[in-house]
Amino acid sequence: AGRMVRFDTVPTEANTQPDWVFGVEDLQTDPYAERHFVTNGTTASDGEVLLVGDGYDKRFNCWDPIPETSGIAPSTTYDFRDGVRGIRIIDDTTWAQGPMNGLRRWDGIPCDGRDPDAYLTRIGKIDMQSVQDFEIDGVNWYAVHDHDQLSIWSGEPTEMQDPDVTLTVGRNALLSSDGTTLAVASKEGLSLYAVSDLLQNPTPLTLNSPDWSSNLGQPLVSDGHLFLVDHGFHRIYAWETVASALDGADPDVILGASGLEDQDP
């Protein structure tokens, strides 16, 4: 737990307290929380505040304003009481999802540490506790569940509403949409869908490259730009336009590496 303990004599009982604790003041102090470490983090921002969910320590941190240097303490920390798998901010509403308590909604951005305004453990036949990732783009709602199923609702669904469309995608896929293009990243590659076609004729254009690893992470579509995390090769690809990626062009920028041949962390 990020600390070292010392016993002056060999302990003979399980609950024996150490004589010394190195790294923190006592055993009750969490060194990671004290120093604002985040494990398995997921983020969202409206450009003014930064939300970071801690998937391991089950915390929901808010920085207001967005910090400009490392080590800044969060403005508020909310006990999420669940691992945080995803956060979205859409139309001044904040959504966050975890594996035990499903989907939570706040009106506005919860930088005051308040509890959610609503909990959704199911939407129609979909158990929100089984969801691996979700996305909301102002046009549709999306949820990846049961490892390789992508369910899509037109507009914001009611609690009893089944999805309009369910597609089979790559296992444990991750999602991003800007309302025009939906990106779905998995070990099978990166698939791009036209959002306008999803409910009638969902035909993906799948990208893959021998220069990418098989361990792709989060995609991001924003204002027509495209980003893709490559965990295996420790870098992020960025294309100026989605169209250039679909044309097979190499990334315009590679973050974290000098070029496609640089695969070192």
Side-chain angles (χ1 to χ4, degrees), residues 41-52 66 86-92 95 132-144 148 150-155 164-165 167-263:
T42 183
T43 64
S45 178
D46 65 349
E48 296 182 4
V49 303
L50 175 66
L51 299 178
V52 180
I66 296 172
I87 308 171
R88 299 291 187 272
I89 301 172
I90 184 76
D91 296 334
D92 198 33
W95 300 84
Q132 288 102 47
D133 196 23
F134 75 100
E135 176 64 297
I136 304 167
D137 61 12
V139 180
N140 298 321
W141 273 52
Y142 311 87
V144 176
D148 64 354
L150 170 62
S151 287
I152 305 170
W153 293 262
S154 175
D164 295 288
V165 174
L167 310 175
T168 298
V169 294
R171 287 184 64 82
N172 301 322
L174 297 171
L175 308 174
S176 177
S177 175
D178 64 353
T180 300
T181 302
L182 170 69
V184 182
S186 69
K187 292 185 182 301
E188 283 74 20
L190 175 67
S191 296
L192 301 175
Y193 295 82
V195 169
S196 59
D197 295 340
L198 279 170
L199 301 184
Q200 293 83 28
N201 184 31
T203 303
L205 294 170
T206 300
L207 308 179
N208 218 325
S209 169
D211 295 315
W212 303 354
S213 82
S214 61
N215 188 11
L216 298 178
Q218 183 70 48
L220 174 65
V221 185
S222 179
D223 294 329
H225 310 304
L226 175 64
F227 302 84
L228 177 64
V229 172
D230 187 333
H231 287 301
F233 291 157
H234 318 282
R235 56 200 189 190
I236 299 173
Y237 310 124
W239 289 266
E240 180 69 25
T241 65
V242 171
S244 66
L246 290 173
D247 287 340
D250 285 340
D252 296 292
V253 176
I254 300 175
L255 303 176
S258 60
L260 288 170
E261 72 287 345
D262 181 2
Q263 299 175 3

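Note that the coordinates shown come from a computational prediction; the quantities given were computed from them, not determined experimentally.
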Output side-chain donor-acceptor pairs under 3.5 Å for residues 228-236, partner residues at least two apart or in another chain, one line each.
{"residue": "Asp230", "atom": "OD1", "partner": "Ser213", "partner atom": "OG", "Å": "2.5"}
{"residue": "Asp230", "atom": "OD1", "partner": "Gly232", "partner atom": "N", "Å": "3.2"}
{"residue": "Asp230", "atom": "OD1", "partner": "Phe233", "partner atom": "N", "Å": "3.1"}
{"residue": "Asp230", "atom": "OD2", "partner": "Ser213", "partner atom": "N", "Å": "3.0"}
{"residue": "Asp230", "atom": "OD2", "partner": "Tyr237", "partner atom": "OH", "Å": "2.5"}
{"residue": "His234", "atom": "NE2", "partner": "Gly232", "partner atom": "O", "Å": "3.4"}
{"residue": "Arg235", "atom": "NE", "partner": "Tyr237", "partner atom": "OH", "Å": "2.8"}
{"residue": "Arg235", "atom": "NH1", "partner": "Leu260", "partner atom": "O", "Å": "2.8"}
{"residue": "Arg235", "atom": "NH1", "partner": "Asp262", "partner atom": "O", "Å": "2.9"}
{"residue": "Arg235", "atom": "NH2", "partner": "Asp211", "partner atom": "O", "Å": "2.5"}
{"residue": "Arg235", "atom": "NH2", "partner": "Tyr237", "partner atom": "OH", "Å": "3.0"}
{"residue": "Arg235", "atom": "NH2", "partner": "Leu260", "partner atom": "O", "Å": "3.4"}

Return yes if some donor-acceptor pair links the side-chain N/O of [X] with the main-chain N/O of [Y] below 3.5 Å, else return no.
{"X": "Asp137", "Y": "Ser177", "answer": "no"}
{"X": "His225", "Y": "Thr241", "answer": "no"}
{"X": "Trp239", "Y": "Ala249", "answer": "yes"}

Which distance, rounded to the nearest 0.5 Å, do you find between the [atom1] of [X] and the [atom2] of [Y]?
{"X": "Leu246", "Y": "Leu190", "atom1": "CG", "atom2": "CG", "answer": "8.5 Å"}
{"X": "Asp164", "Y": "Ser151", "atom1": "CG", "atom2": "OG", "answer": "10.0 Å"}
{"X": "Leu192", "Y": "Thr180", "atom1": "CG", "atom2": "OG1", "answer": "12.5 Å"}
{"X": "Tyr193", "Y": "Asn140", "atom1": "OH", "atom2": "CG", "answer": "13.0 Å"}
{"X": "Glu240", "Y": "Leu226", "atom1": "CD", "atom2": "CG", "answer": "11.0 Å"}
{"X": "Ile89", "Y": "Asp91", "atom1": "CD1", "atom2": "CG", "answer": "11.5 Å"}

Taking every non-hydrogen atom, the tightest pair across [X] and [Y]:
{"X": "Leu167", "Y": "Leu198", "value": "CD1-CD2, 4.4 Å"}
{"X": "Leu207", "Y": "Trp212", "value": "O-CZ3, 3.6 Å"}
{"X": "Ala183", "Y": "Val221", "value": "CB-CG2, 3.6 Å"}
{"X": "Leu216", "Y": "Ser186", "value": "CD1-O, 3.8 Å"}
{"X": "Ser45", "Y": "Ile66", "value": "OG-CD1, 3.6 Å"}
{"X": "Asp223", "Y": "Asp178", "value": "N-OD2, 4.0 Å"}

Taking the side chain as everything from C-beta on, heavy atoms only, tell me whether Val195 gets closer than 4.5 Å to Tyr142. yes
Side chains of Pro204 and Val184, heavy atoms from C-beta outward: is any pair under 4.5 Å?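 Of all side-chain heavy-atom pairs linking Val184 with Pro204, none is under 4.5 Å.
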Are more than 12 heavy atoms, taken from residues, nucleotides or ligands other than Asp247, located less than 6.0 Å from that residue's CG atom?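 For Asp247, atom CG is crowded (more than 12 foreign heavy atoms under 6.0 Å).
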Residues in salt bridge (Lys or Arg N to Asp or Glu O under 4.0 Å) contact with Asp133, at least two apart in sequence or another chain: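 For Asp133 the salt bridge (Lys or Arg N to Asp or Glu O under 4.0 Å) partners, ignoring immediate neighbours, are Arg88.
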Using side chain to side chain contact (heavy atoms under 4.5 Å, CB included), reason through Ser191 and Val169 one step at a time and then give a plain yes or no. CA-CA 9 Å; Ser191 296; Val169 294; over 6 Å; no
